[in-house]
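In what follows, a single structure is set out as C-alpha cells and then discussed.
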Amino acid sequence: QVQLVESGGGLVQAGGSLRLSCAASGRYNMGWFRQAPGKEREFVAAISWSAGAIYYADSVKGRFTISRDNFKNTMYLQMNSLKPEDTAVYYCAASSLGLSSDYYRAPLYDYWGQGTQVTVSS
C-alpha cells in the first residue's frame, strides 16, 4: 500500500521560507492540504503525475510552489513569504483518480500522510 511521509515543517518568522517534502512512490496525482486548530481542512495545492496540471489555492498563489521529482519519488511544497495565517498542520495526499474539477476536495484523495506542523510567528 502507499505510504506518505511528510517532512520539513517547523517554526519560522513571518516572511520566512520552508520547504515541505513528501516521500511517495507510484503514479499518483498528489496534493497538499492544511488544517489549523478549530478549522476545516483546506486545499493548498495539487499536481498531476506528469506535472502538466497544477492548481493553487488563492491564498497561497504567488507564494507557494508545488513540484515533484518522480525519479526521487518525492513531492515538494516550497513556501515563501510565509504569513501567520499559514500556520497549520500540512498534509500530503495522493489520489489514484485523475484530477478533475474536484481537485480541491479532500475526498478525491485516497492516501494521506500523518502531517507536519508549520508555525509562522509574527
Side-chain angles (χ1 to χ4, degrees):
Q1 62 179 15
V2 176
Q3 291 187 324
L4 307 180
V5 181
E6 304 102 329
S7 63
L11 173 64
V12 298
Q13 295 183 353
S17 299
L18 282 175
R19 189 190 194 193
L20 305 184
S21 298
C22 176
S25 62
R27 198 179 184 90
Y28 298 98
N29 299 304
M30 303 185 71
W32 290 96
F33 287 76
R34 66 187 183 186
Q35 186 168 25
K39 297 183 178 180
E40 295 184 348
R41 187 170 299 186
E42 66 175 351
F43 168 77
V44 176
I47 186 169
S48 65
W49 161 254
S50 66
I54 294 176
Y55 305 95
Y56 294 100
D58 289 341
S59 60
V60 306
K61 190 174 298 182
R63 299 188 299 120
F64 291 10
T65 301
I66 188 172
S67 63
R68 66 192 300 166
D69 186 338
N70 293 335
F71 294 101
K72 295 183 178 180
N73 300 318
T74 304
M75 178 180 67
Y76 305 96
L77 184 67
Q78 178 66 45
M79 305 185 293
N80 299 324
S81 301
L82 283 164
K83 304 175 181 179
E85 49 263 46
D86 294 319
T87 295
V89 175
Y90 283 69
Y91 297 92
C92 172
S95 175
S96 59
L97 301 175
L99 294 181
S100 67
S101 59
D102 293 327
Y103 64 87
Y104 61 91
R105 295 185 62 82
L108 176 67
Y109 300 86
D110 305 300
Y111 309 101
W112 295 83
Q114 293 300 114
T116 184
Q117 178 70 47
V118 171
T119 302
V120 184
S121 62
S122 300

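Counting from 1, the numbers follow the sequence of the chain as shown.
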Heavy-atom distance under 4.5 Å between the side chains of [X] and [Y], does that happen here?
X	Y	answer
T65	Y56	yes
L97	L108	yes
V120	K83	no
L4	M30	yes
N80	F64	no
V89	T116	no
Y28	S95	no
I47	M75	yes

- [ ] Applying side-chain contact (heavy atoms from CB on, under 4.5 Å), run through L77 and V44 and close with a yes or a no.
- [x] CA-CA 10 Å; L77 184 67; V44 176; 4.1 Å; yes
Open item on the list: Looking only at the aromatic ring of each residue, does the gap between the centers of F33 and Y91 stay below 6.0 angstrom?
Closed with: no
Any side-chain donor near an acceptor of the partner, [X] and [Y], under 3.5 Å:
X	Y	value
T74	D69	no
D110	S96	yes
T119	Q117	yes

- [ ] I would like to know whether R68 and N70 meet side-chain contact (heavy atoms from CB on, under 4.5 Å); could you show each step before the answer?
- [x] CA-CA 6 Å; R68 66 192 300 166; N70 293 335; 2.9 Å; yes
- [ ] Evaluate side-chain contact (heavy atoms from CB on, under 4.5 Å) for R34 paired with R41, printing each intermediate quantity in order.
- [x] CA-CA 6 Å; R34 66 187 183 186; R41 187 170 299 186; over 6 Å; no
- [ ] Could you pull out all residues at least two apart from K61 that satisfy salt bridge (charged side-chain N to carboxylate O under 4.0 Å, His left out)?
- [x] D58
TODO: Give the intermediate values and the outcome of side-chain contact (heavy atoms from CB on, under 4.5 Å) for residues D86 and R63.
DONE: CA-CA 11 Å; D86 294 319; R63 299 188 299 120; 2.8 Å; yes
Within the side chain of [X], is there an N or O that forms a donor-acceptor pair under 3.5 Å with the backbone of [Y]?
X	Y	answer
E6	C92	yes
S21	S7	no
N29	W49	yes

Task: Over all atoms of both residues, closest heavy-atom pair of A88 and A36 - done: CB-N, 3.9 Å
TODO: Return the minimal non-hydrogen interatomic distance between L18 and G8, and the atom names on each side.
DONE: CD2-O, 3.7 Å
TODO: For Q78, look at atom CD and say whether over 12 heavy atoms of other residues, nucleotides or ligands are found less than 6.0 Å away.
DONE: yes
Task: Enclosure of E85 CD (heavy-atom neighbours >12, cutoff 6.0 Å) - done: yes
Task: cation_pi(R19, Y76) dist<6.0 Å, angle<=45 - done: yes
TODO: Name the orientation class of the two ring planes belonging to F43 and Y104 (parallel below 30°, tilted from 30 to 60°, perpendicular beyond 60°).
DONE: perpendicular
